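Numbers restart at 1 for each chain; the letters A, B, ... are given by sequence-line order, proteins then strands. All of these numbers come straight from a predicted model, not from anything done at the bench. The figures that follow rest on heavy atoms only: side chains count, while hydrogens, waters and symmetry mates do not.
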Amino acid sequence: GENVEQHPSTLSVQEGDSAVIKCTYSDSASNYFPWYKQELGKGPQLIIDIRSNVGEKKDQRIAVTLNKTAKHFSLHITETQPEDSAVYFCAVLSAGRRALTFGSGTRLQVQP
Amino acid sequence: KAGVTQTPRYLIKTRGQQVTLSCSPISGHRSVSWYQQTPGQGLQFLFEYFSETQRNKGNFPGRFSGRQFSNSRSEMNVSTLELGDSALYLCASSLGDTANTGELFFGEGSRLTVL
């Protein structure tokens, strides 16, 4: 089955700095790569996603890049703010499966 | 537009009991997926329902079951509860089935504690 590895598990940055979280996957048939943000006591919230026919997607301060050859994709957050502090999960949808496989999560702490 | 609604938000059960959790998807969404979230195992897929049919099932024992009604609302049931079933159970809805769209919108979860 699909295997998704996410790094780092924790990340602490100063307000205004950039944060990068990386995920690797195993199934080359994977075709959909979303990122979720989960705040304390809440469910995961979809913040950005990318499909396999696109290399990069940006939405204001967040961006996702996909390298299908190397089978990895990354979340980039620029000009971080304290409200960005949360746990971020990557996920992968493989063509053969019918469910998302999630990474183990990254706890991002933005220090004011 | 209302989001995904899960009830109850918190519940405490004892070993051997059973529990039923409810999920109302976003209006117009026809797919409901269930995930279990624990600190040790992370987010694990339980099952997905689309138009009242179970489309996919994860690697969980038969004690975990679910169903979907004609109005797309879904319930999941866990029988003969074990301590290891303590978790946050998340419901997610999607306009189409996950295999085609992938976009999931999660509720805030039902936190189950088994004593």
Side-chain angles (χ1 to χ4, degrees), chain A residues 1-10 21 23-27 29-54 57 59 64 66 68 73 86-107, chain B residues 2-7 9-10 21 23-26 29-51 53-60 66 87-111:
Chain A
E2 178 74 87
N3 184 41
V4 180
E5 293 191 1
Q6 182 171 346
H7 299 282
S9 56
T10 60
I21 304 169
C23 285
T24 60
Y25 59 97
S26 58
D27 188 351
S30 299
N31 55 14
Y32 175 65
F33 309 89
W35 286 90
Y36 286 84
K37 174 184 181 183
Q38 187 173 26
E39 297 175 322
L40 197 61
K42 296 189 176 182
Q45 176 191 7
L46 178 66
I47 56 172
I48 196 167
D49 57 11
I50 193 168
R51 297 193 184 268
S52 57
N53 57 347
V54 177
K57 184 176 178 181
D59 182 4
V64 56
L66 171 65
K68 286 213 71 179
F73 59 111
V87 179
Y88 291 81
F89 292 94
C90 64
V92 174
L93 181 67
S94 302
R97 277 176 55 83
R98 305 183 65 86
L100 292 176
T101 302
F102 283 83
S104 55
T106 296
R107 184 173 300 278
Chain B
V4 177
T5 304
Q6 291 188 245
T7 58
R9 290 291 316 279
Y10 304 91
L21 308 177
C23 172
S24 293
I26 293 171
H29 283 197
R30 296 169 62 191
S31 168
V32 172
S33 298
W34 289 89
Y35 285 80
Q36 182 196 63
Q37 186 175 29
T38 60
Q41 299 297 319
L43 280 151
Q44 292 191 294
F45 172 72
L46 281 156
F47 27 65
E48 179 190 13
Y49 288 87
F50 180 79
S51 294
T53 302
Q54 186 180 87
R55 288 295 191 95
N56 194 13
K57 192 177 190 313
N59 295 324
F60 279 82
L88 181 67
Y89 289 89
L90 291 160
C91 168
S93 78
S94 178
L95 192 59
D97 68 2
T98 305
N100 289 321
T101 68
E103 295 176 345
L104 296 183
F105 298 89
F106 283 87
E108 300 206 326
S110 292
R111 183 164 295 282

- Message: Counting only non-hydrogen atoms closer than 4.5 Å, does B:Q6 touch chain A with its backbone (N, CA, C, O), its side chain (CB onward), both, or neither?
- Response: neither
- Query: Is it the side chain or the backbone of A:Q38 that comes within 4.5 Å of chain B heavy atoms, both, or neither?
  - Reply: side chain
- Message: Does atom CG (A:D59) have a neighbourhood of more than 12 heavy atoms from anything else shown, all under 6.0 Å?
- Response: yes
- Task: Check B:L43 against A:F102 and note the closest heavy-atom contact, atom names and distance.
- Result: CD1-CD2, 3.6 Å
- Message: Could you go through B:F106 and A:K42, starting from their C-alpha distance and side-chain angles, then the distance that decides it, and tell me whether this counts as side-chain contact (heavy atoms from CB on, under 4.5 Å)?
- Response: CA-CA 9 Å; B:F106 283 87; A:K42 296 189 176 182; over 6 Å; no
- How close do A:P44 and B:L90 get, heavy atom to heavy atom, and via which atoms? CD-CD1, 3.7 Å
- Do you know which of B:R111, B:Q41, B:E108 has the most heavy-atom pairs with chain A at a distance under 4.5 angstrom? B:E108
- Does CZ in B:R9 sit with more than 12 non-hydrogen atoms of other residues, nucleotides or ligands closer than 6.0 Å? yes
- Item | Backbone N/O of A:L100 and side chain of B:Y35: donor-acceptor pair under 3.5 Å | yes
